[in-house]
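See below for the structure under consideration.
Values in this document were obtained by computation on a predicted structure and should not be read as measured data. In the text below, chain A, chain B and the rest are named by the order of the sequence lines, each starting its count at 1.
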Protein chains: 2
Amino acid sequence: MKLNYEDDYTLKTVFDLALHYGENVHIADIARRQDIPGKFLEQLLLKLKKAGIVASKKGPNGGYYLAKKPKDINLKQVLESIKGPFAPIECAWNKDYIKKCPYFVDCVFKDIFTDIYKDVSKKLKAIDLNKLIMMHKKKQKLKGLKSE
Amino acid sequence: MKLNYEDDYTLKTVFDLALHYGENVHIADIARRQDIPGKFLEQLLLKLKKAGIVASKKGPNGGYYLAKKPKDINLKQVLESIKGPFAPIECAWNKDYIKKCPYFVDCVFKDIFTDIYKDVSKKLKAIDLNKLIMMHKKKQKLKGLKSE
DNA sequence: ATATAGTCTATCTAAATAGTAGACTATTAT
DNA sequence: ATAATAGTCTACTATTTAGATAGACTATAT
């Protein structure tokens, strides 16, 4: 149950777009600020666009921006938009997988991991991009106070 | 955050050993009952042995068995024994990773995912193998009642 | 027109996953 | 002793996924 680079990049990307809400942000700027390989980011943004999380404008003064208000985008939507349902056990959502399972109906693991999935989903849903930015600003302020 | 085949096999293996607690169980029997490739299971059991979850006896009447009482083995131990810490974000446990992160101290994601990791850990720790078997037997009973 | 900036398709490499092969060692029963 | 049993160990292979890159193409503002 680990986030990989793509997940990491994805989170940083929407975070960056939320920080610059109102602007058209260039791929190259996100790439530089968030330390993401530009060409990789390019494709990542296309996925996010297809999922309706971000939108874009071509040409001069073009760039990417959030397709909805920060408060209407949560982390569950963001993560699932690029990697599908992240339930820890496949039978929680893949019907074909169940057929091969020796337990079928009386599988305890299905219950356990479906339960965990629900918990994680709830937590991720609770964090929208607006909240994320607020959390970040609060942390930044604390850091500032410490270094004085 | 998906469990892969190895995780799945691992869970089924300790489950099988818990079901047959008190016996020396042959690799081949676990493989057949749980539908796991024998040679793959062989190596999986060696990992579980190294981690102190299972123990074994060679020769005739030999086989594998749980190294501790079922109630003293929980799912967190089992899963982490074969794949290391399963924190969703690497910086929650890998110090080197943090150096590359553009946020360092004020990273909100670290907080979010460390929190989620704690939740999941708690849930997995709460389920020991004895509990697992009880849950399974209860489900089996329900299934039996339904089919009558 | 032309520069800008996103779009699309294809390719490449490295690592992880899943599975296989075969020789070796310890133990028990005869 | 020795043969059969059953785990141990090392190495290898195939497939898939992850991560990254290249370059031609399209839309738009000035």
Any [X] side-chain N or O less than 4.0 Å from OP1/OP2 of [N]:
X       : N      : result
B/Lys57 : C/dT28 : yes
A/Tyr5  : D/dA20 : no
B/Tyr9  : C/dG19 : yes

May I ask you to say what [X] touches in the nucleic acid, namely base, sugar-phosphate or nothing, with a heavy-atom cut-off under 4.0 Å?
X       : value
A/Glu6  : sugar-phosphate
A/Lys50 : nothing
B/Ile27 : sugar-phosphate
A/Val25 : sugar-phosphate

Item to complete: Name the residue closer to the 5' end of DNA chain C, choosing between A/Lys49 and A/Gln43 according to the nucleotide with the nearest heavy atom.
Response: A/Lys49
Response to the item:
Walking DNA chain C from its 5' end, the first of B/Gly59 and A/Ser56 to be reached, judged by nearest nucleotide, is A/Ser56
Discussion item. Let me spell it out: for each of B/Asn61 and A/Gly38, pick the nucleotide of DNA chain D with the closest heavy atom. Which residue's pick is nearer the 5' end?
Written reply: B/Asn61
Worksheet entry | Residue whose nearest DNA chain D nucleotide is more 5′ - A/Pro60 or B/Gly62 | B/Gly62
In this structure, how many angstroms lie between the [atom2] atom of [N] and the [atom1] atom of [X], rounded?
X       : N      : atom1 : atom2 : value
B/Leu44 : C/dG19 : CG    : P     : 11 Å
B/Ile36 : C/dT20 : CD1   : C1'   : 16 Å
A/Tyr65 : C/dG6  : OH    : C1'   : 12 Å
B/Phe40 : D/dA11 : CZ    : C1'   : 16 Å
A/Asn4  : D/dG19 : CG    : C1'   : 9 Å
A/Asp7  : D/dG19 : CG    : C1'   : 13 Å
B/Asn24 : C/dT28 : CG    : C1'   : 13 Å
A/Lys58 : C/dA5  : NZ    : C1'   : 9 Å

Worksheet item: Checking side chain to side chain donor-acceptor pair (under 3.5 Å) for the pair B/Lys47/B/Ser81: CA distance, chi angles, key distance, verdict?
Response: CA-CA 8 Å; B/Lys47 286 193 210 174; B/Ser81 75; over 6 Å; no
Item to complete: Any chance you could measure A/Met135, atom CE, to A/Phe15, atom CZ, to the nearest 0.5 Å?
Response: 10.5 Å
Worksheet entry | Test applied, side-chain contact (heavy atoms from CB on, under 4.5 Å); reference residue, A/Val14; option that passes from A/Ile73, A/Leu48, A/Ile30 | A/Leu48
Practice prompt. Among B/Lys76, B/Gln77, B/Lys71, find the residue that satisfies the side-chain hydrogen bond (donor to acceptor under 3.5 Å, both in side chains) test when tested with B/Asn74.
Written response: B/Gln77
Discussion item. Grouping I, L, V, M, F, W and Y whenever their side-chain heavy atoms are under 4.5 Å apart, do B/Tyr5 and B/Ile82 come out in a common cluster?
Written reply: yes
Worksheet item: Would you say the base of D/dT21 and the side-chain of A/Glu42 have a donor-acceptor pair closer than 3.5 Å?
Response: no
Item to complete: Tell me which nucleotide among C/dG6, D/dA6, C/dG22 gets nearest to the side chain of B/Lys39.
Response: C/dG22
Discussion item. If you take the centroid of each ring, where Trp contributes its six-membered ring, are A/Tyr21 and A/Tyr65 closer together than 6.0 Å?
Written reply: no
